[in-house]
Each structure stands twice: as structure tokens, then as C-alpha cells.
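What follows is a single structure, written as C-alpha cells, with notes after it.
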Amino acid sequence: MLSITNPSNGTVIAELPEDTHETVHAKYKGARVAQAAWAVTPLRRRVGAIERFRAGIVQHLDHLAAVLTSEVGKPIKQSRNELNGLLGRIDFFLAETEKTLAPREVFNDGGMVETIHHEPLGVIANISAWNYPYFVGANVFVPALLAGNAVLYKPSEYATLTGLEIGKLLHASGIPQDVFAVLVGGGRVGIELLKEPVDGVFFTGSYGTGKRIAEAVAGRMIKLQLELGGKDPTYVCEDVDVAAAAASLADGAMYNTGQSCCSVERIYVHERIHDAFVDAFVKEVQGFKVGEPADESTYIGPLTRSQQVKLLSMHVADAVAKGAKLLAGGRPLDRPGGHWFEPTVLGNVNHDMAVMREESFGPIIGIQKVSGDDEALRLMNDTDYGLTAGVYTKDALRAQRLLSRVNAGSVYWNCCDRVSPRLPWSGLKHSGVGLTLSTFGIETFTRPKAWHLRSV
Ligand code: NAD
């Protein structure tokens with residue numbers, strides 16, 4: 001049985017039977033049969049089902065937000081923000097899928113015609129993370145279903161109730177039961193799923209698990225996409241409005257209790273404004289309301305996973321032992337049964353410290369003083385990851401010069417912690433391979449087939 005607990009206080013909120021080798025296999029077999037019919041269902045009808053799914057999200061938004069908050073500990077306002085943000089993503093896919101997947105003539109000399117057709121991959125496995133389960137799930141299953149695939153969806157064990165709600169809504173919207181199947185369980189169920197002969201694996205989660213998944217499917221010649229972690233840097237130049245930059249970056253580091261793949265995880269500040277920036281940043285962080293996730297005024301809630309409390313404590317202890325200055329927070333919060341950590345700011349940090357090298361995935365940030373652009377750029381690129389990176393400056397040319405030399409899938413000028421459905425979402429190095437979102441993130445669920453046609 002899988003116990004679902006409220007991370008705020010440890011209360012068990014549900015006990016669910018986990019999938020087994022047999023049930024995973026049965027779901028795979030059902031999906032394989034159902035996919036053939038789904039692939040030839042007119043696109044208009046597939047679009048209609050996703051339109052009804054969208055309407056269902058709107059209709060049940062408060063309930064869905066409450067479920068998400070209860071199992072993940074996401075502050076309730078941020079749960080509603082995620083669901084409202086999901087609507088924009090669905091709208092993008094609804095608007096772009098037909099155009100993107102339409103057969104395209106690329107050559108015609110009167111005798112020979114060449115066209116590209118998009119065929120679905122088939123049955124795909126979608127193994128997902130808990131921190132933004134609607135976003136990272138829908139980035140895969142919405143375009144995958146629209147393109148005619150069947151989806152075996154394994155939500156994270158920390159967001160299972162949300163995964164089941166998604167399944168219920170999709171089925172009520174007209175997606176056949178076997179075309180979208182939810183698998184309940186943790187890593188063991190993920191391993192079982194990967195034993196099935198699926199046609200593609202789409203994973204969102206940590207680098208460590210991503211590596212294990214890549215090893216598990218090696219040699220099978222199926223499509224593999226891995227959207228993994230980050231250690232996302234931002235450089236603050238000396239020409240900024242210090243208070244505005246500090247407010248924006250404090251939010252970018254601590255929103256969702258710092259548990260976003262694109263959270264700001266490292267800040268480099270030009271020496272000329274360093275002290276003023278640090279003061280403004282600490283003031284912002286000290287103004288964040290820490291509290292019960294169900295409370296409307298809460299900004300920082302519990303950590304979703306208990307083990308993260310230990311990791312953040314280790315990052316603080318390691319940094320302080322190596323000379324960092326603790327500027328705010330730094331300790332677990334004593335709230336019975338829950339997993340809580342004070343919003344934490346570390347100054348005087350350097351790259352010998354784990355807090356500047358390993359993904360922290362919590363409300364903690366290191367701020368390092370730099371002498372100028374060259375040092376900032378070198379430090380931003382001194383990482384195993386490559387998800388996002390940003391620069392705050394009034395100078396557009398300077399931002400362009402820096403951002404074109406930083407190794408990251410997404411780059412930001414005077415903004416951070418942002419994802420757009422219109423732009424491809426991808427990472428370099430340990431941040432992953434492949435992409436979701438944008439029209440490329442629709443095509444990725446298809447196999448382009450080349451047609452060479454001579455009419456006589
Ligand atoms: P995780 O790697 O612990 O788990 C992810 C999923 O993999 C879960 O569903 C889990 O049950 C499953 N799993 C675990 N072991 C498995 C195995 N051996 N085989 C198959 N499946 C297995 O990650 P998490 O804690 O759920 O998510 C947090 C991580 O995800 C962070 O590193 C974060 O940066 C990353 N993330 C990345 C993006 C992105 O778009 N790049 C988005 C959200 C989260």
C-alpha cells in the first residue's frame with residue numbers, strides 16, 4: 001500500500017493499493033490495443049476531449065488545488081496559480097497542434113512530390129515529478145494525446161492523488177480509459193513500467209533517476225526524453241535598481257518553497273552593489289510568510305519530502321564550515337510531524353561549497369560577490385547542470401553578450417523562474433535531453449514520415 005501523507009504535519013490522508021508487475025502489464029496491453037483506434041480518431045475529436053478536460057479543470061479548480069496542497073504542501077494560492085497557468089498551456093497546444101501536425105509538402109516539381117507526415121510514436125511512458133505535477137505532466141500528456149499516442153502516466157508517489165484526479169478528468173472528457181492509464185506507486189512501479197515494450201519514455205525528475213532510466217532503456221532504440229534538475233544562476237550587474245532586482249530574485253529563489261527545477265539557486269552580484277543587494281534580499285526573504293499551506297496568506301510552506309530537511313541542513317553546515325556567513329534562517333523549523341525549513345540566505349559563499357554546486361531544491365540561496373562580467377560568466381558556467389540562467393542589467397547589449405555565452409537551455413534578462421508554452425523547455429548536460437513545450441514539444445510526440453510520391 002502507498003501511504004499519502006500531508007507534509008505539513010505527517011497526517012496520513014490516503015492509503016492506496018500500488019500497481020504490481022501484473023497490473024502494469026495489463027495497462028500496457030490495454031494501451032497497445034486502444035492506441036491503434038485512438039490514432040485514427042479524427043484530430044477534431046481528440047481536440048474536443050482536451051477542450052472538455054480544460055473545462056473540467058476550470059470547473060473543479062478549487063477542489064484540485066486543495067488536493068494538490070494537501071499532498072504536496074504547496075501553498076494554496078500557488079496551487080491555484082499552477083492550475084490557472086495550466087489553462088494557458090492547454091490553450092497553446094489546442095491552438096497549435098493541427099497546424100504543426102498537418103502533412104507538409106516540401107517539394108513539387110510536377111513529377112515528384114515530397115511530403116512530411118507526422119505519425120504518433122505509439123504507447124509512451126510518462127514518469128513524472130511532484131513539484132509542479134500539472135505543468136510537467138501536461139507538458140507531456142496533452143500534446144502526446146492530441147498527437148494520437150496512448151500514455152501510461154506514472155505520477156510521483158508524492159503527487160498520486162493529483163495524478164488520479166487528472167486521470168478521472170481526462171476519462172470524463174472522452175479520453176478512453178486504456179488510452180490514458182494512471183500507475184500508482186514509487187520507483188519500483190517506474191521500473192516495472194520500463195520493462196514494457198513502450199515506444200517512448202518521457203521523464204521529469206532528478207539527474208540520478210534520469211541516469212538510471214537512461215541505463216534501463218539503453219539499446220532499445222526508443223525515444224527518450226529527460227527533463228532533469230538545475231543549479232540555475234543569475235548575475236546581478238551594478239547598474240540595476242537594487243530593490244527591484246532583490247525582490248524579483250527572492251521570489252525566483254523561494255516561490256514554491258524553492259522546489260522548482262528553474263528556481264534561482266545561485267546569485268552572483270557585482271562588487272559595487274553587493275552589500276546593498278544582500279541587505280535588500282535578506283529583507284525580502286524575512287518578509288515572506290511561512291505557514292500552513294492551506295492558509296491563503298502563506299508564501300512558504302513545508303518541504304514535500306522529509307529527506308530534503310537533512311540535505312538543506314547539510315548544505316548550511318558545509319557552507320558555514322567553509323567560511324560562509326548565515327544571513328537568514330539556516331535551521332529546520334520545529335513543527336510536529338511536518339518537514340519544514342526556514343527560508344535561508346548564505347553570503348560569502350564559493351564554489352567549494354555544496355550549496356553552490358548541488359541542487360538544493362528548497363528555500364535556500366547562496367549569494368557570491370564578483371568583480372565583473374568575466375568572473376560572473378565563468379562561475380555561471382562552472383556547473384554540471386544547464387537548465388536556466390539569467391542576467392539583471394539595464395544594458396541590453398551587455399545582457400545579450402552574456403546570455404549568448406552562458407550554457408543553458410533557457411536564458412532570462414531581468415526575469416527568472418519562468419516557463420512559456422511558446423518556447424522550447426530543455427536542459428543541457430545533467431539537466432537533460434530532449435524538450436517539451438513550443439511547437440517542437442508537439443512534434444516530439446510524433447515520428448516524421450517521409451513520403452516520396454511520383455504520380456506516374
Ligand atoms: P525523482 O527523480 O526522485 O522522481 C521522479 C519520478 O521517477 C517519480 O515518479 C519516481 O517515482 C520515479 N522513479 C524513481 N526511481 C525510478 C526508477 N529507478 N525507475 C523509474 N522511475 C523511477 O524526482 P522528484 O523528486 O519527483 O522531482 C524533483 C526533481 O525533478 C528535481 O531534480 C527537479 O529539478 C526535477 N524537475 C525538473 C523539471 C524540468 O522540467 N527540467 C521539472 C520539474 C522537476
Side-chain angles (χ1 to χ4, degrees), residues 2 4 7 18-19 24 71-74 82 85 89 125-140 152-160 162-163 166 182-196 198 201-218 224-232 255-265 303-308 311 339 358-362 383-388 408-410 417-421 423-438 441 444:
L2 180 66
I4 315 286
E18 288 186 70
D19 270 286
V24 170
E71 65 178 340
V72 169
K74 192 186 288 266
E82 182 177 348
R89 294 194 187 193
N126 178 15
I127 300 178
S128 205
W130 48 265
N131 62 324
Y132 279 98
Y134 284 100
F135 283 165
V136 297
N139 288 354
V140 173
L152 297 170
Y153 174 60
K154 199 202 81 61
S156 163
E157 57 273 39
Y158 296 99
T160 307
T162 294
I166 288 171
V182 180
L183 277 63
V184 172
R188 196 187 48 74
V189 174
I191 290 170
E192 287 299 333
L193 174 56
L194 295 174
K195 289 180 187 160
E196 300 298 334
V198 293
V201 174
F202 295 79
F203 170 75
T204 308
S206 60
Y207 165 72
T209 309
K211 184 167 179 283
R212 278 193 286 280
I213 288 178
E215 286 162 359
V217 304
L224 174 65
Q225 283 202 179
L226 304 168
E227 304 222 318
L228 310 176
K231 189 70 194 168
D232 299 2
Y255 188 84
N256 206 36
T257 314
Q259 302 171 114
S260 308
C261 55
C262 51
S263 283
V264 177
E265 289 240 347
L303 294 162
T304 305
R305 297 164 305 169
S306 58
Q307 65 265 36
Q308 213 62 8
L311 183 100
H339 337 301
E358 294 173 9
E359 187 177 46
S360 307
F361 223 58
T383 175
D384 289 335
Y385 291 100
L387 193 59
T388 83
S410 294
D417 190 25
R418 180 177 192 278
V419 179
S420 163
L423 294 171
W425 184 248
S426 67
L428 308 178
K429 302 192 276 181
H430 288 189
S431 294
V433 289
L435 58 82
T436 52
L437 298 175
S438 79
T444 198

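Both counts, for ligands and for their atoms, begin at 1 and track the order of listing.
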**OP:** Could you tell me if any non-hydrogen atom of Tyr132 lies under 4.0 Å from any atom of ligand 1?
**Re:** no
Original post:
Counting each atom of ligand 1 from 1 as listed, which ones have a heavy atom of Gly186 under 4.0 Å away?
Top reply: 11 (O)
Subject >> Nearest-neighbour protein heavy atom for atom 41 (N) of ligand 1, which is reported as residue plus atom name and distance >> reply: Leu228 O, 2.8 Å
**OP:** Assign the ring pair His430 / Tyr207 to parallel, tilted or perpendicular, where the plane angle (0 to 90°) is split at 30° and 60°.
**Re:** parallel
Original post:
Where is the nearest protein heavy atom to atom 39 (C) of ligand 1: which residue, which atom, and how far?
Top reply: Cys261 SG, 3.4 Å
Original post:
Nearest protein heavy-atom contact for atom 24 (P) of ligand 1: which residue, which atom, what distance?
Top reply: Trp130 NE1, 3.4 Å
Original post:
Contact between Ser128 and ligand 1, counting heavy atoms under 4.0 Å?
Top reply: yes
Original post:
Taking the non-hydrogen atoms of Phe203, is any one of them nearer than 4.0 angstrom to ligand 1?
Top reply: yes
Subject >> Arg305 near ligand 1 by a heavy-atom separation under 4.0 Å >> reply: yes
Subject >> Candidate pair Val24 and Leu183, rule side-chain contact (heavy atoms from CB on, under 4.5 Å), full reasoning >> reply: CA-CA 7 Å; Val24 170; Leu183 277 63; 4.0 Å; yes
Original post:
Which residue supplies the protein heavy atom nearest to atom 40 (O) of ligand 1, what is that atom called, and how far is it?
Top reply: Trp425 NE1, 2.8 Å
Subject >> Identity and separation of the nearest protein heavy atom to atom 23 (O) of ligand 1 >> reply: Ser206 N, 3.4 Å
Original post:
If you measure from atom 19 (N) of ligand 1 to every heavy atom of Leu387, Thr388, Ile191, which option wins on shortest distance?
Top reply: Ile191
**OP:** Please determine if Lys231 and Glu359 form a salt bridge, counting it only when a charged side-chain N lies under 4.0 Å from a carboxylate O.
**Re:** no
**OP:** May I ask you to say whether Glu215 pairs ionically with Arg212, meaning some side-chain N is under 4.0 Å from a carboxylate O?
**Re:** no
